[in-house]
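In what follows, chains carry the letters A, B, and so on, assigned in the order in which the sequence lines appear, proteins first and then strands, with residues in each chain numbered from 1.
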Amino acid sequence: MPELPDVAGFKSYLDANALHQRIERTSVADGRILEEVTGAKLARELKDASLEKTRRHGKFLFAAASSGTWLVLHFGMTGSLRCGRGRGAEADDDHAVLVLHFRNDGRLIYRCRRLLGRVSLTTDVGRFIAAHGLGPDALDRELKPDRLAALLAGRRGALKSTLMNQSIVAGLGNVYTDELLFQCRLHPATHVDELDAEEIEHLCKVMKRMLRTAARHGGDLGQLPRSWMLPRRDDQGDCPRCGSDLESLKISGRTAWYCPRCQKRP
DNA sequence: CGACAAGCCTGGTAGC
DNA sequence: TGCTACCAGGCTTGTC
């Protein structure tokens, strides 16, 4: 379930392990993850180049190759990165879908168990973001409360699905949206048009704080504050605040977990 | 065996 | 009437 904090973790991982190494060859184990690019083109563009720096926007990770192109990684629900060295580094990895083999015998492995992730190339990150209709990154400094209010203005759907809409704000998924609603004490069925300006301002501040905290830990659930609901988000879970059993319901086809006592319907 | 989880795209439709 | 926003369904596969 890679959302913004998890992708931020992949970014740090790639930065620490896979930059400035010359790429000898690229292999694609399953072409279904490729978007508007062929395996042959990907290999051609990356051969003899090295990854020099990375950028993240929402749930997308971009890695600049020295050849001038950007490798675009989206992780779907089950994607992740891993680096290996030596023979057999990916032999034990059934879900290695894309592998960059470096000259120094290291490799960057993009894993994707359910093949819902996407790999692409772009020459212009800004244009890619615009073409995919992505809204501002949820941690963008320019995304202040009044800007969020403007983005939500005129919307009438459920707040939860609206926050998960990547064309409005990029980065939040099902899991962190539940946590955000929990921290704001908003019932998951709350609709956007029920919020006043003050509530949107609070929502914005809590969203930033939550995502910054989670991103610092690379989305590692074990390191999140004890006051958070997220690690308990299942039918065994109880509310870290009041101890009530957590409940779930479906909002736009997605499971929403919440505390029935702390998150009252308005 | 069928249900379910997740992100996101598609297509039908509800609502202004 | 016409457009947009909304939402259910499908993709995918491992797990229960």
From A/Leu230, A/Asp6, A/Thr255, residue fulfilling side-chain contact (heavy atoms from CB on, under 4.5 Å) relative to A/Val175: A/Leu230
Gap between atoms CZ and C1', on A/Phe60 and B/dC9 respectively (whole Å): 11 Å
Could you write out DNA chain B as dot-bracket? Rules: Watson-Crick or G-U wobble, both distances under 3.5 Å, brackets [ ] for crossings, | for pairs with another strand, dot for unpaired. .||||.||||||||||
Trace of the ring pair (Phe, Tyr, Trp, His ring centres under 6.0 Å) decision for A/His57 with A/Phe62: CA-CA 8 Å; A/His57 187 99; A/Phe62 303 88; 7.5 Å; no
Where protein sits on nucleotides 8-16 of chain C, one letter per nucleotide: B base, S sugar-phosphate only, - none, heavy atoms under 4.0 Å: S--BBBS--
Could you check how far CD1 of A/Ile168 sits from C1' of C/dA5, rounded to whole Å? 9 Å
On DNA chain B, does the nearest nucleotide to A/Glu35 precede the nearest nucleotide to A/Trp257 from the 5' side, or the other way round? Give the residue. A/Trp257
Applying a strict under-4.5 Å side-chain criterion to I, L, V, M, F, W and Y, I'd like to know whether A/Trp228 and A/Leu139 cluster together. yes
Is any NZ, NE, NH1 or NH2 atom of the basic residue among A/Lys144 and A/Asp146 found under 4.0 Å from an Asp or Glu carboxylate oxygen of the other? no
Residue-phosphate contact under 4.0 Å: A/Lys59 side-chain N/O, B/dC8 OP1/OP2: yes
State yes or no: do A/Leu246 and A/Tyr176 share one hydrophobic cluster built from I, L, V, M, F, W and Y residues joined by side-chain heavy-atom distances below 4.5 Å, directly or via other members? no
Does B/dA5 have OP1 or OP2 sitting under 4.0 Å from an N or O in the side chain of A/Lys250? yes
Minimum-distance nucleotide (side-chain atoms of A/Arg156 versus B/dC8, C/dA5, B/dA5): C/dA5
With hydrophobic residues grouped by side-chain heavy-atom distances under 4.5 Å, do A/Leu51 and A/Val37 end up in a single group? yes
Any A/Gln166 side-chain N or O less than 4.0 Å from OP1/OP2 of B/dC8: yes
Say whether A/Phe60 and A/Val125 are linked into one hydrophobic cluster, either directly or through other cluster members, by side-chain heavy-atom distances under 4.5 angstrom. yes
A/Phe10 and A/Phe75: ring pair (Phe, Tyr, Trp, His ring centres under 6.0 Å), yes or no, with the steps? CA-CA 10 Å; A/Phe10 299 150; A/Phe75 299 89; 4.5 Å; yes
Integer angstrom distance from the C1' of C/dG9 to that of B/dA3: 15 Å
Between A/His74 and B/dG7, does any side-chain N or O lie under 4.0 Å from OP1 or OP2? no
Contact class for A/Thr255 (heavy atom, under 4.0 Å): base, sugar-phosphate, or nothing? sugar-phosphate
Just to verify, which of A/Thr190, A/Asn174, A/Asn165, A/Thr177 counts as forming a side-chain hydrogen bond (donor to acceptor under 3.5 Å, both in side chains) with A/Lys160? A/Asn174
